[in-house]
Asker: 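Shown below is the structure under consideration.
Only this structure's heavy atoms are used, side chains among them; waters, hydrogens and symmetry mates stay out. Lettering follows sequence order; numbering is per chain, from 1.
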Protein chains: 2
Amino acid sequence: MLKQPILTAPHNCAECPIRHQAVCARCEPDELDALEEIKYYRSFEAGQTVVWSGDQMDFVGSVVSGIASLTQTMEDGRTQMVGLLLPSDFVGRPGRNGAAYDVVATTNLVMCCFRKKPFEQIMLETPHIAQRLLEMTLDELDAAREWMLVLGRKTAREKIASLLSIIARRDATLKPNDNPGTTVFDLPLTREAMADYLGLTLETVSRQMSALKRDGVIQLEGKRHVTVPDLIRLLEEAGDDTDGGVMA
Amino acid sequence: MLKQPILTAPHNCAECPIRHQAVCARCEPDELDALEEIKYYRSFEAGQTVVWSGDQMDFVGSVVSGIASLTQTMEDGRTQMVGLLLPSDFVGRPGRNGAAYDVVATTNLVMCCFRKKPFEQIMLETPHIAQRLLEMTLDELDAAREWMLVLGRKTAREKIASLLSIIARRDATLKPNDNPGTTVFDLPLTREAMADYLGLTLETVSRQMSALKRDGVIQLEGKRHVTVPDLIRLLEEAGDDTDGGVMA
DNA sequence: CGTTTCGTTGACTAACTTCAATCGTAGTGG
DNA sequence: CCACTACGATTGAAGTTAGTCAACGAAACG
């Protein structure tokens, strides 16, 4: 595994990078104080498992930095990634004890955790938190459903293009546009993780990556560094509606 | 299309069949009164579209009786069902104007609708509603993620068995167990709808239904009436974890 | 410099789709 | 009442896509 720097946790909410996106986004100062009381940071190295499916889970929390994945595994070993957790995403389910999925750190990861019982209590008293959590959950549901279309109906090539689009779009909103139309990013996933996300084998992922490269849809430097010369072209390859409209 | 009786709407919340499962489940009498003010019933015939993806949606609501489906369609016509809405399920998203999916009545359908703006207002003032909606949304998210495993990793035969399991399990909880181990139900979906749900072609659905019948996993009378002599066997065919444990 | 991990590529196979013919039942109109 | 049609469903044969098995390549680590 490539050595990555271990990121350090912020010292308090004021300097927290996800302060205005996470479950605490709408909290007033006094509400934040209540959360500070029950919060602690945890760091994980790439590859570490944060929670095992079925295990007792005594905390909930937010991804502060790094990427984690939610995966389900069948008895015979087939696995499907069912969620990709980016900074500000929420982990855990208030009102339930056992974890439903494995949570694995895909990169080095810092999480802001809240002890579950007190968090549930605070949530009852703090509509701002419950409202924000509802909003985030609805967004996740939309993302999951969009992914169902990818898994159920798209070809291998379209699946790869869809995944790259998502990552490219996210990076495009994060970074200011240096070159208009051109997008550059590093894949945060191994070929195997991509395969688990897309319901493919890693060989098929590799082949389709090579095909997209051969056809000029993407450029690759090393295994992970991707350049997208024409984002519209990539979206067309993904089979998404591109004709000017806002994405669904 | 087979003629079905048009179901009539309940007259008030007290006699509503979904009173204790829907978004209003935890409401106090005075909270129900507020909802009664802004509610109205709508009926749809099997096959009718309730909402078109992208359209303005000026209401939210609950399925009272019947079944509806959420579907996404690509430009070239490929469609994927992304949700199956059963009685008590919630339709629409507070805080968003456009519908993200097509909502189609699969059977005759009665919905309890709330005008959207006032509903959003009531939700802000009524934690019982927001809490229940959060809980329901988390459940739907779990269902969507379970479905991602089905779509991404299961074989055609396992997919069919998974769908039958879900319907069988639902009917088993609804009806008291007449014959222990034996489950009987009517499929609420055409072969094409099953295919759209499972990310298959209708031919493959038909072939695998025949195969499951040939192998004695299910019995068929007509196209729709299904008998499952051994539910455990069906669950094994679905590839689900059956060894005594609680389902994930 | 060997070892490990991740990725690529090739040959072959299996699973599912596509195209097409046929069946059965329910509703329709002569 | 009975053909006629429409629709859903089934089945077969051929075609395509992605999976499987296997060898090899490249970079990083100790």
Side-chain angles (χ1 to χ4, degrees), chain A residues 1-5 45-48 74 76-80 106-107 150-163 186-215 218-226 237 239, chain B residues 1-4 45-47 74 76-80 106-107 150-161 163 186-215 218 220-226 237 239:
Chain A
M1 179 64 61
L2 194 76
K3 283 270 174 69
Q4 299 174 324
E45 285 181 58
Q48 267 192 294
M74 294 170 68
D76 60 7
R78 281 177 282 176
T79 77
Q80 174 66 49
T106 294
T107 63
V150 173
L151 289 172
R153 291 302 186 193
K154 292 194 177 179
T155 64
R157 186 183 175 98
E158 289 170 333
K159 285 180 175 181
I160 300 288
S162 297
L163 177 56
D186 282 297
L187 274 174
L189 303 173
T190 64
R191 296 290 185 269
E192 186 178 23
M194 292 172 69
D196 284 345
Y197 205 141
L198 296 166
L200 298 170
T201 59
L202 66 89
E203 292 95 330
T204 299
V205 170
S206 187
R207 273 187 254 273
Q208 296 299 334
M209 287 289 287
S210 299
L212 288 174
K213 178 182 170 186
R214 170 171 45 71
D215 298 344
I218 58 172
Q219 289 149 23
L220 282 175
E221 289 170 75
K223 323 288 186 187
R224 300 293 194 88
H225 194 73
V226 180
E237 291 286 354
Chain B
M1 180 65 61
L2 194 73
K3 285 270 172 70
Q4 299 174 326
E45 285 181 59
M74 293 170 67
D76 61 7
R78 281 177 282 177
T79 76
Q80 175 66 49
T106 294
T107 63
V150 173
L151 289 173
R153 291 301 185 195
K154 292 196 176 177
T155 64
R157 186 182 174 99
E158 288 170 335
K159 285 179 176 182
I160 300 288
L163 176 57
D186 282 297
L187 274 175
L189 303 173
T190 64
R191 296 288 185 270
E192 186 177 22
M194 292 173 69
D196 284 344
Y197 205 142
L198 297 166
L200 298 169
T201 59
L202 68 90
E203 291 96 330
T204 299
V205 170
S206 186
R207 272 186 254 273
Q208 296 300 334
M209 288 288 288
S210 299
L212 289 173
K213 178 183 171 188
R214 172 171 42 73
D215 299 344
I218 59 172
L220 282 176
E221 287 170 74
K223 323 288 185 185
R224 300 293 195 89
H225 194 75
V226 180
E237 292 285 354

Asker: Backbone N or O of A:Leu220 within a donor-acceptor pair of the A:Lys213 side chain at under 3.5 Å?
Answerer: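 Answer holds: no.
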Asker: By nearest heavy atom, map A:Thr155 and B:Glu192 onto DNA chain D; which one lands nearer the 5' end?
Answerer: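 This one resolves to B:Glu192.
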Asker: Counting distance only, does the side-chain N/O of B:Ser206 pair as donor-acceptor with the main-chain N or O of B:Leu202 below 3.5 Å?
Answerer: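 Answer holds: no.
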Asker: Whole Å only: how far is the CG atom of A:Leu189 from the C1' atom of C:dG7?
Answerer: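 Taking atom C1' of C:dG7 as the reference, CG of A:Leu189 is at 15 Å.
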Asker: For A:Thr204 and A:Ala156, which heavy atoms make the closest approach, and how far apart are they?
Answerer: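 The pair with the smallest heavy-atom distance is CG2-CB, 3.7 Å.
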Asker: So if I take residues 199-209 of chain A and measure heavy-atom distances to DNA chain D, which residues fall below 4.0 Å?
Answerer: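 Here the set is A:Gly199, A:Leu200, A:Thr201, A:Glu203, A:Thr204, A:Arg207.
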Asker: C:dG7 P sits how many Å from A:Lys213 NZ, rounded?
Answerer: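 The distance from NZ of A:Lys213 to P of C:dG7 comes to 14 Å, rounded to the nearest Å.
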Asker: Can you check the A:Glu221 CD to D:dA26 P distance for me, whole Å?
Answerer: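 Taking CD of A:Glu221 and P of D:dA26, I get 17 Å after rounding.
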Asker: Considering only side-chain heavy atoms of B:Ala156, which listed nucleotide, C:dT8, D:dT10, C:dC16, is closest?
Answerer: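 Of the options given, the side chain of B:Ala156 lies nearest C:dC16.
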Asker: Given 3.5 Å as the limit, does a donor-acceptor pair link the side chain of B:Arg153 with the main chain of A:Gln80, or not?
Answerer: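 Such a contact is absent between B:Arg153 side chain and A:Gln80 backbone.
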Asker: Report the distance from atom CZ of B:Arg153 to atom C1' of D:dT20, rounded to the nearest whole Å.
Answerer: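 Distance, rounded to whole Å: 13 Å.
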Asker: Is the shortest side-chain heavy-atom distance between A:Leu198 and A:Lys154 below 4.5 Å?
Answerer: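 A:Leu198 vs A:Lys154: side chains apart.
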Asker: Just how far, in rounded Å, is P of D:dT17 from CD1 of A:Ile160?
Answerer: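 Value for this atom pair: 16 Å.
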Asker: In whole angstrom, what separates A:Leu220's CG from C:dC6's P?
Answerer: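 Rounded to whole Å, this separation is 18 Å.
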Asker: Carefully, step by step, assess A:Met194 and A:Gln208 under the rule side chain to side chain contact (heavy atoms under 4.5 Å, CB included).
Answerer: CA-CA 12 Å; A:Met194 292 172 69; A:Gln208 296 299 334; over 6 Å; no
Asker: Between A:Arg224 and C:dG7, is there a side-chain N or O to OP1/OP2 distance below 4.0 Å?
Answerer: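 For A:Arg224, the contact criterion (side-chain N or O under 4.0 Å from OP1 or OP2 of C:dG7) is met.
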Asker: Would one find a side-chain N or O of B:Thr190 under 4.0 angstrom from OP1 or OP2 of D:dC7?
Answerer: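 So the side-chain polar atoms of B:Thr190 never come under 4.0 Å of the phosphate oxygens OP1 or OP2 of D:dC7.
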Asker: Whole-Å distance between C:dG24 P and B:Lys223 NZ?
Answerer: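 To the nearest whole Å, that distance equals 8 Å.
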Asker: Please assess B:Asp215 against B:Arg157 for the test side chain to side chain contact (heavy atoms under 4.5 Å, CB included), listing each intermediate value before the final yes or no.
Answerer: CA-CA 12 Å; B:Asp215 299 344; B:Arg157 186 182 174 99; 2.9 Å; yes
Asker: Between atom NZ in B:Lys159 and atom P in C:dC16, what is the gap in whole Å?
Answerer: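 Result: 8 Å.
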